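Per chain, numbering begins at 1; letters A, B, ... match sequence-line order. All figures in this text were calculated on a predicted structure; none of them were measured in a lab.
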Protein chains: 2
Amino acid sequence: MDRTNSPKAGRGALEPRQGAQAIRRALAVLRILAAGREDGVPLAEVIQATGLTRPTVHRIVHVLIEEGIVERNARSGRYAIGNQVPELALARPRPSRLLVAANPSLRRASAEIGDTLFLTARTGNDTLCVDRRIGVYPIQVLSIEVGARRPLGVSSAGVAILAAMPAQDARKIVAANEKRFEAYRTDTATVLGEVTAARRLGYGMRETGLVQGTKSISTWIKTPDGRPAAAMTVSAVRTRLGPRREQEVAEILLREARIIEQAIGG
Amino acid sequence: MDRTNSPKAGRGALEPRQGAQAIRRALAVLRILAAGREDGVPLAEVIQATGLTRPTVHRIVHVLIEEGIVERNARSGRYAIGNQVPELALARPRPSRLLVAANPSLRRASAEIGDTLFLTARTGNDTLCVDRRIGVYPIQVLSIEVGARRPLGVSSAGVAILAAMPAQDARKIVAANEKRFEAYRTDTATVLGEVTAARRLGYGMRETGLVQGTKSISTWIKTPDGRPAAAMTVSAVRTRLGPRREQEVAEILLREARIIEQAIGG
DNA sequence: TCGTTCTGTCCATAATATGGACAAGAACGC
DNA sequence: GCGTTCTTGTCCATATTATGGACAGAACGA
């Protein structure tokens, strides 16, 4: 595609190291498959989401199957992350810094608020739900589970994270995710609008969550270097989050987000 | 290297699907890095273990770093499995079939025996410690942790697994691991000898574990299709495992291994 | 039966990944 | 300070590899 064409290619800092197209493509495929969780993803969707051609995706996926990195559901024909990925993951020490740092805040906020709380980390151009706390209120929004992965921009957590980074970076990520928005019934313009709104508010908000009739509020959590690494979200049925309570909840989330930032920094 | 040279390449069943050398190599590198756990592995060792050339390994490793799949320890310069691998792993439902099936047996055997118990799964050409139970006896062998990964053949669990598969398959795997044995101070001949001995005994045994003065006994666990998928191991200081007690312990392990096989099969 | 929509395969070709050779940096001895 | 021996990192001509257009087969529904 459009490699820098000047032969000496001004070593422009972010020049992305060539000689590994295939590996990068394989990883792109893997990340799409990860978003499909246990159910997996049909080949056609991988093709659409990555923008690669059919033979290429087919070849990559099947090599990964031979290697045990991907599995194919015999019934549905869909492709999913395989056994060997968690096995490789065992090489890393168990609980992430973020999870440890956020734990007390999640407990506190969950007790105070009573609705479902989510901790969502940024990973590349995706958001990844890494923790969830169920509150005491009898109606809980449980649609999102730990491990859920979506393109940055389609959830209130993703919007919050985008809002907390330089506008230019956010635009780049949104552009990169463009092909994937379709599957979530949104588009670049909508997402950018929400991001701007979140930046003004100081937190992310969605009147319509991924489930009809739900509303979500998210605050971003930054690492010491100032870049947003995660978001803390409350989801509830819309009637539970009127303007007054929205304000209350947002204040709690903002307070706890700052505490988590301290815990990470120390 | 030696690709089948006849142009039409008799589709010989196991013909390993071409067009993905780079991806396969990247995965080979990843698996070596996984064996290095948190500490990581120096580049030279990856080169030695994979048999690839320096520029190739270097390129692969650095692309994987850019992608977040690999991390480099700034102090030691060693390379290790990165953050994004556990993140991808979250896409899979948590506890493996084996872990669930083996749980009661591990509890029972641990109570009965009193020494440290390990559950070790086979993954490709490696063994991977997936569970560990500490017994009541005051001296416990704790050198191996959950997540530890070693070439099939260097531990008693690996020997047991090799012993439980057709001799030809075992030889192939041992040959494939040859380059890596050096780092564990063993070699092909020694390993094959131990495998033969284990086949005769009915279980794997090592008079000298990876730690001086320890002894290990392992039984294999087969899936319904008859292929060994894991091993159950007891490790203890050598004096705790005289001939008499070796017999006792082996019988318990063999009994529980059969129970686990039933549980997987059902 | 035919259309539609999915997955899988072939193979000439362009572009990619390769690795020999070289460079740069770090650690040690003297 | 200067050689020696480690290590890791980079260059670039080249052959090997991965690519994708075009085609084929399978599954489903009308």
Quiz item: Atom NE2 of His58(A) and atom C1' of dA24(D): how far apart are they, to the nearest Å?
Solution: 13 Å
Quiz item: For the pair made of CD1 in Ile47(A) and C1' in dT19(D), what is the distance, rounded to whole Å?
Solution: 14 Å
Practice problem: Calculate the interatomic distance between Ile23(B) atom CD1 and dT18(C) atom P; express it in whole Å. | Solution: 11 Å
Quiz item: Side-chain contact, heavy-atom cut-off 4.5 Å: Val46(B) with Tyr79(B)?
Solution: no
Self-check item: Phosphate contact (dT18(C) OP1 or OP2) by Arg59(B) side-chain N/O below 4.0 Å
Solution: yes
Exercise. Taking the side chain as every heavy atom from C-beta outward, state whether Leu30(B) and Val70(B) have any pair of such atoms under 4.5 Å apart.
Key: yes
Quiz item: Do we see a donor-acceptor contact under 3.5 Å between the side chains of Gln84(B) and Arg31(A)?
Solution: yes
Quiz item: Does Arg72(A) make a side-chain N or O approach to OP1 or OP2 of dG8(C) shorter than 4.0 Å?
Solution: yes
Quiz prompt | Donor on one side chain, acceptor on other, Asp126(B) and Thr123(B), under 3.5 Å | solution = no
Exercise. From the options dT7(C), dG20(C), dT8(D), select the nucleotide whose nearest atom is closest to the side chain of Arg54(A).
Key: dT7(C)
Practice problem: Nearest-nucleotide wise, let me know which of Gly77(B) and Ala22(A) is further upstream toward the 5' end of DNA chain D. | Solution: Gly77(B)
Exercise. For the side chain of Pro55(A), starting at C-beta, report the closest nucleotide among dG20(D), dT8(D), dA21(C).
Key: dG20(D)
Quiz item: What is the distance from CG of Leu52(B) to C1' of dT8(D), rounded to the nearest Å?
Solution: 16 Å
Quiz item: Under 4.0 Å between a side-chain N/O of Thr53(B) and OP1 or OP2 of dT18(C), yes or no?
Solution: no
Practice problem: Select base, sugar-phosphate, or nothing to describe what Arg78(A) touches, counting heavy atoms under 4.0 Å on all strands. | Solution: nothing
Self-check item: Phosphate OP1/OP2 of dA17(C): any Gln21(B) side-chain N/O under 4.0 Å
Solution: no
Exercise. For His62(A) and dA18(D), give me the distance from atom NE2 to atom C1', rounded to whole Å.
Key: 17 Å
Quiz item: Looking at Tyr79(B), does any N or O in its side chain come under 4.0 Å of the phosphate oxygens OP1/OP2 on dT7(D)?
Solution: no
Quiz item: When you match Ile60(B) and Val41(A) each to their closest nucleotide on DNA chain C, which lands nearer the 5' end?
Solution: Val41(A)
Quiz item: Between Arg24(A) (CZ) and dT16(C) (P), how many Å, whole number?
Solution: 12 Å
Quiz item: Between Glu45(B) (CD) and dT7(D) (P), how many Å, whole number?
Solution: 11 Å
Self-check item: Candidates dG21(D), dT19(D), dG9(D) - which lies nearest the side chain of Arg25(A)
Solution: dT19(D)
Quiz item: Is a side-chain donor-acceptor pair under 3.5 Å present for Ser216(B) with Ser235(B)?
Solution: yes
